[in-house]
Each structure stands twice: as C-alpha cells, then as structure tokens.
Amino acid sequence: MAIKAVAFDVFGTLVCIERPTRPFRKLVRLLHEAGRRRQSDDGIRAMSNAVDLRQTASMFGGMVSEENLRSLEAELHEEIQSITLFADAAPTLAALKDQGIKIALCSNLAAPYGPPVLDLLPIQPDFCAWSYEAGAVKPQPEIYRYLCDGIGCRPEEIIMIGDTIEADMVGPRKFGIHGYHLDRHATATSSTESVDSLNDVLTILAARH
C-alpha cells in the first residue's frame with residue numbers, strides 16, 4: 001500500500017533545545033521538597049493534559065511559591081527561545097510537500113512547547129498529534145489512533161520517524177505504522193529499522209513507491 005503521510009516526532013528529531021532548563025522537572029522536584037510524593041505517572045499527566053506550568057502545579061497539588069513559579073516560567077521562556085531546527089528538517093519537509101505527501105507531528109510534550117515549534121517550522125504540518133491534545137502519550141496506542149484519524153490515513157499508509165525506539169518505532173509498528181528510529185549519532189546505518197538523518201525518509205519513501 002502506498003505511503004500517504006510521514007509523521008515526525010519533534011524534540012530530538014525535527015528540533016533541539018540548545019539551552020535546556022527543564023522547568024517541568026524542576027516543578028515536580030519543588031513539589032516533592034514541599035512534601036508531595038512523586039508519582040510514577042507525573043510525566044504522563046503533564047504531557048497528556050493541555051495545561052501550562054501554573055496549571056500543572058495546581059493539578060499536582062500546588063505547594064509552590066509565587067516566586068518559584070515566576071522563576072520556572074522565566075526558565076521555560078528561556079528554554080523555548082533556544083529551540084532550533086536541525087539542518088535536515090526544512091529540506092526534508094519541503095521535499096515531502098513537493099511529492100504531495102501529508103506531514104504530521106506526533107510528539108510527547110507539555111502544552112507550552114507546541115505553538116513555538118509550529119512557529120519555527122518552515123512548512124506547517126497537515127495535522128499535529130500532540131500528546132496534550134490526544135490525552136495519551138507514545139507508545140500508548142490511543143495517540144497513534146488519534147494521529148491516523150487526524151491525518152485521515154490508515155496505519156499502513158504512514159511512516160513514523162523519531163529518536164526514541166519504544167515511542168517512535170516499536171509502538172507505531174505494533175499499531176501497524178511503519179516506524180523508524182532516528183539515531184543521529186550512529187556511525188553506520190546497517191539496520192533497516194534505523195536511520196541517521198531525516199534525509200533517509202525520502203529514500204525509504206522512494207523504496208516503498
């Protein structure tokens with residue numbers, strides 16, 4: 001079956017954070033220091049609800065001072081300002097668009113990170129399967145279903161690529177999507193399951209057509 005869409009993970013795949021400050025992680029630590037126990041699903045809850053830092057603090061119990069919240073918001077702003085595109089992102093997106101292939105984003109991230117990524121991209125995707133809008137995170141099957149419904153394609157008509165093996169290759173493949181792992185640090189790409197550049201998406205696409 002012909003490939004109709006390519007879905008990209010975002011951070012570590014299309015873009016990188018040059019100056020990571022990890023404000024959401026620091027928020028959880030501050031809450032822990034204030035007496036709240038860390039929960040195993042803290043990360044999932046933060047990424048599967050459309051909430052900002054303050055709303056996340058409230059959702060988790062809210063024992064954070066105004067001073068600390070403002071400091072975290074400043075760090076979040078600094079982190080977002082440092083987001084940059086990988087060199088192979090723009091040409092790959094442009095080539096896919098020229099071929100009439102639909103472009104989607106499928107990413108686990110907190111709500112404040114979505115819009116800045118779209119502002120940075122030279123080509124706007126046809127659909128965004130943000131975890132905070134899907135109400136699920138990769139590799140949960142619900143987010144892949146959300147992706148397929150949103151982009152209007154069957155799983156076998158989609159290629160997925162990202163830098164996390166479980167979320168971007170194994171999970172999608174279990175769902176029927178053609179998942180590939182992006183390993184930018186690979187010295188040689190001998191595996192058919194791994195690529196070392198976004199440019200390889202075009203090679204995969206050509207082989208399947």
Side-chain angles (χ1 to χ4, degrees), residues 3-25 43-56 72-140 142-153 158-164 167-168 171-172 177 179-180 182 184 197-199 201-202 205:
I3 298 297
K4 296 182 179 178
V6 177
F8 295 91
D9 171 53
V10 174
F11 289 96
T13 302
L14 290 175
V15 304
C16 65
I17 295 174
E18 300 284 355
R19 298 187 302 277
T21 59
R22 301 179 176 86
F24 280 86
R25 190 178 298 179
I44 292 174
R45 288 178 67 198
M47 292 187 292
S48 60
N49 287 278
V51 288
D52 60 21
L53 261 171
R54 286 176 180 267
Q55 293 165 328
T56 302
L72 289 174
E73 286 173 336
E75 290 190 14
L76 174 62
H77 178 74
E78 178 186 343
E79 186 170 84
I80 285 173
Q81 290 297 112
S82 78
I83 298 172
T84 59
L85 278 173
F86 281 110
D88 54 1
T92 300
L93 294 174
L96 291 172
K97 190 168 185 66
D98 287 346
Q99 292 183 32
I101 300 294
K102 291 182 179 180
I103 296 168
L105 306 182
C106 185
S107 186
N108 293 347
L109 75 176
Y113 294 91
V117 168
L118 293 180
D119 288 342
L120 201 59
L121 292 179
I123 291 170
Q124 291 304 291
D126 297 284
F127 183 70
C128 295
W130 301 130
S131 58
Y132 60 85
E133 291 181 342
V137 298
K138 300 179 294 185
Q140 295 173 339
E142 292 83 2
I143 193 168
Y144 306 123
R145 170 53 56 201
Y146 183 75
L147 166 66
C148 292
D149 290 346
I151 201 70
C153 293
I158 302 172
I159 287 174
M160 170 96 195
I161 184 164
D163 67 322
T164 306
D168 302 318
I177 293 168
Y180 290 87
L182 173 65
R184 292 184 176 279
S197 166
L198 292 179
N199 300 324
V201 175
L202 304 174
L205 200 59

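With values rounded to the nearest 0.5 angstrom, Leu198 atom CG is found 4.0 Å from Asp88 atom CG. Of the inter-residue distances, the one linking Phe8 atom CZ with Thr13 atom OG1 reads 9.0 Å to the nearest 0.5 angstrom. Considering CZ of Phe24 and CD of Glu79, their distance stands at 9.5 Å, rounded to 0.5 Å. Taken to the nearest 0.5 Å, the CD atom of Glu133 stands 4.5 Å off from the OH atom of Tyr146. Of the inter-residue distances, the one linking Leu105 atom CG with Leu121 atom CG reads 6.0 Å to the nearest 0.5 angstrom. Going from atom NZ of Lys97 over to atom CD1 of Ile103 covers 6.5 Å, rounded to the nearest 0.5 Å.
Looking only at distances, a side-chain donor or acceptor of Ser82 sits under 3.5 Å from a matching main-chain atom of Arg19.
Looking at Leu96 and Leu205, their side chains come closer than 4.5 Å, going by heavy atoms from C-beta outward. Residues Cys148 and Ile158 form a side-chain contact, since some pair of their non-hydrogen atoms from C-beta on lies under 4.5 Å apart. Inter-residue side-chain proximity for Leu120 and Pro116 is flagged as unmet; no heavy-atom pair is nearer than 4.5 Å. At least one side-chain heavy atom of Val10 sits less than 4.5 Å from a side-chain heavy atom of Trp130. For the pair Ile83/Cys16, no side-chain contact is recorded, criterion being any heavy-atom separation below 4.5 Å from C-beta on. For the pair Val6/Leu93, no side-chain contact is recorded, criterion being any heavy-atom separation below 4.5 Å from C-beta on.
Smallest separation of non-hydrogen atoms from Thr56 and Ala46: CG2-CB, 4.3 Å. Nearest heavy-atom pair across Met47 and Ala110 is CG-N, 3.9 Å. Here the closest non-hydrogen pair linking Cys106 and Lys138 is O-NZ, 2.9 Å. When all heavy atoms of Tyr144 and Pro139 are compared, the closest pair comes out as OH-CA, 3.2 Å. Across all non-hydrogen atoms, the minimal contact from Ala129 to Ile143 is O-CD1, 3.9 Å. Taking each heavy atom of Pro172 and Met160 in turn, the nearest pair found is CG-CG, 3.8 Å.
Sequence neighbours left out, not one pair with a member in residues 108-119 passes salt bridge (charged side-chain N to carboxylate O under 4.0 Å, His left out).
Environment of CZ in Arg25: sparse, with no more than 12 heavy atoms of neighbouring residues, nucleotides or ligands closer than 6.0 Å.
In this model, no donor atom of one side chain and acceptor atom of the other lie less than 3.5 Å apart for Thr21 and Glu78.
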Practice task
Would you please test Phe11 and Asn108 for side-chain contact (heavy atoms from CB on, under 4.5 Å) and show each step?
Solution key: CA-CA 9 Å; Phe11 289 96; Asn108 293 347; over 6 Å; no
Exercise for the section: Walk me through it: do Glu73 and Arg54 pass the test salt bridge (charged side-chain N to carboxylate O under 4.0 Å, His left out)? Expected result: CA-CA 9 Å; Glu73 286 173 336; Arg54 286 176 180 267; 2.7 Å; yes
Exercise for the section: For Tyr113 and Tyr132, run ring pair (Phe, Tyr, Trp, His ring centres under 6.0 Å): C-alpha distance rounded to whole Å, both residues' side-chain angles, the deciding distance at 0.1 Å, then the answer. Expected result: CA-CA 10 Å; Tyr113 294 91; Tyr132 60 85; 9.5 Å; no
Exercise for the section: Show your reasoning for whether salt bridge (charged side-chain N to carboxylate O under 4.0 Å, His left out) applies to Arg184 and Asp163. Expected result: CA-CA 8 Å; Arg184 292 184 176 279; Asp163 67 322; over 6 Å; no
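Of the candidates Asp168, Leu109, Val15, Ile161, Asp168 is the only one forming a side chain to side chain contact (heavy atoms under 4.5 Å, CB included) with Asp9.
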